[in-house]
Amino acid sequence: MKKLRTALFSLVLIQFIALASFGQGPIKDYAAQWRTVDDYVKKRLPKSALAEVKKIYDQAKKDKQDAQVIKSLIYTMNLQEGNREDNDIFSIKEYEKEIAVSREPVSSILNSLLAEKYWSYYQNHRYLLFNRTQTVNFIKDDIATWAAEDFYKKISELFLASLANEKLLQQTKLEAFEGMLIKGNVRHLRPPLFDLLANRALAYFMNDERDLRKPAYAFEIDQAA
């Protein structure tokens, strides 16, 4: 359960950002239901917790509570970590399914989380990936057949997609959700949702591992002579 708590601590904060300002109505937190979930988690009863989370998800969908839908998705994926084979692959498919029916700014948040899920899968399987050669003229529906470069490309596309609606994301403020965010000492530097999502993307793009197959100082001819 430690892995679950760590993942929730680092991710759930983002899911609640500024959804109230886009006309979804009164915000609901389903506090009583989540207390029931937490009680099951503390008792190490993941299946019972999962059943409660699915109820919250269904109700949140009905009530159009986007933040709670995403929170439910994260809980669901993490609760199934220990009892669902190939959980990362199934989680990726679930994110993709949710993105297909989501509106902004939810879809931007989900794209960022999906990119992180692909990155996690890559890190967990990197020992296999570097021995694979790049395939050509092949439909890559199964990520189990991907090479490292395929993951770099997909993850980059998703992080960039999470920032594509720049104007809307820059107008999405965080003040209504201050109680759910960890401010730190630079909170004022990232007031809108765009800044938070950009910071998540930068953490990936600044990672040198993406260029492991490239020389640190690549020689390029830049003069015709």
Side-chain angles (χ1 to χ4, degrees), residues 3 6-19 22 66-67 69-71 73-74 76-78 87-126 129-130 132 134 140-174 177 180-182 184 186-187 189-214 216 218:
K3 184 175 182 180
T6 301
L8 293 175
F9 182 76
S10 61
L11 294 178
V12 171
L13 300 178
I14 296 177
Q15 281 75 55
F16 297 91
I17 296 170
L19 300 175
F22 287 86
D66 296 325
V69 168
I70 302 176
K71 181 178 179 180
L73 283 173
I74 294 176
T76 296
M77 294 172 191
N78 284 282
N87 184 58
D88 282 341
I89 294 177
F90 283 109
S91 295
I92 285 171
K93 292 179 179 178
E94 287 161 1
Y95 269 135
E96 290 174 338
K97 181 180 178 180
E98 196 68 36
I99 289 171
V101 297
S102 295
R103 59 186 179 179
E104 288 287 13
V106 177
S107 54
S108 290
I109 298 171
L110 289 174
N111 275 319
S112 182
L113 293 174
L114 178 57
E116 188 172 55
K117 182 60 68 175
Y118 270 107
W119 182 234
S120 175
Y121 180 92
Y122 164 81
Q123 291 177 312
N124 291 333
H125 296 82
R126 64 157 66 87
L129 298 173
F130 286 111
R132 293 180 186 168
Q134 187 80 325
K140 302 177 181 180
D141 293 330
D142 183 0
I143 66 172
T145 66
W146 288 12
E149 288 79 3
D150 296 313
F151 281 94
Y152 301 152
K153 182 175 183 293
K154 182 64 173 181
I155 296 167
S156 297
E157 289 174 349
L158 287 168
F159 273 126
L160 292 175
S162 75
L163 301 172
N165 203 334
E166 182 176 350
K167 184 176 180 180
L168 181 145
L169 296 174
Q170 287 179 339
Q171 294 173 347
T172 304
K173 304 300 182 181
L174 308 180
F177 299 93
M180 300 179 185
L181 298 171
I182 297 177
V186 291
R187 171 68 182 82
L189 298 179
R190 295 196 295 271
L193 177 55
F194 178 85
D195 290 6
L196 276 181
L197 294 180
N199 189 63
R200 287 169 57 82
L202 282 173
Y204 168 73
F205 287 115
M206 292 174 64
N207 192 311
D208 292 337
E209 187 172 348
R210 296 187 309 115
D211 298 318
L212 280 181
R213 293 197 175 192
K214 300 178 182 179

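Every value quoted in this text rests on a predicted model; they were computed, and no experiment measured them. Position 1 is the first residue of the sequence, and the numbers go up from there.
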Practice prompt. Would you indicate whether the side-chain heavy atoms of Asn165 and Pro105 approach each other to under 4.5 Å?
Written response: no
Practice prompt. Answer whether the closest heavy-atom distance between the side chains of Tyr95 and Ile74 falls below 4.5 Å.
Written response: yes
Interatomic spacing from [atom1] in [X] to [atom2] in [Y] - rounded to 0.5 Å:
X      : Y      : atom1 : atom2 : value
Leu158 : Leu110 : CG    : CG    : 11.0 Å
Gln171 : Leu193 : CD    : CG    : 12.0 Å
Ile155 : Leu114 : CD1   : CG    : 9.5 Å
Ile89  : Asp142 : CD1   : CG    : 6.5 Å
Thr76  : Lys71  : OG1   : NZ    : 12.0 Å
Ile70  : Asp66  : CD1   : CG    : 6.5 Å

Practice prompt. Take Glu98 and Val106, measure what side-chain contact (heavy atoms from CB on, under 4.5 Å) needs, and give me the verdict at the end.
Written response: CA-CA 10 Å; Glu98 196 68 36; Val106 177; 6.0 Å; no
Worksheet entry | Cationic N near anionic O, under 4.0 Å, Lys153 to Glu149 | no
Worksheet item: Going through the distances and angles, do Trp146 and Tyr118 end up as a ring-ring contact (aromatic ring centres under 6.0 Å, His included)?
Response: CA-CA 11 Å; Trp146 288 12; Tyr118 270 107; 5.7 Å; yes
Mind listing the closest non-hydrogen atom pair of [X] and [Y] along with its distance?
X      : Y      : answer
Leu113 : Arg200 : CD2-NH2, 3.4 Å
Ser108 : Ala161 : OG-O, 4.4 Å
Ser156 : Phe205 : OG-CE2, 3.5 Å
Phe159 : Glu116 : CZ-N, 4.3 Å
Leu163 : Ala198 : CD2-N, 3.4 Å
Leu169 : Leu197 : CD1-CD1, 4.1 Å

Worksheet item: In terms of side-chain heavy atoms, does Glu104 have a donor or acceptor partner in Ser107 at a distance below 3.5 Å?
Response: yes
Discussion item. Is the ring pair Tyr204/Trp119 parallel, tilted or perpendicular, if the boundaries are 30 and 60 degrees?
Written reply: perpendicular
Worksheet entry | Side-chain donor or acceptor of Asn124 paired with backbone N/O of Ser120 under 3.5 Å | yes
Discussion item. Test your reading of the model: is there a side-chain donor-acceptor pair from Asp150 to the backbone of Ile143, 3.5 Å cut-off?
Written reply: no
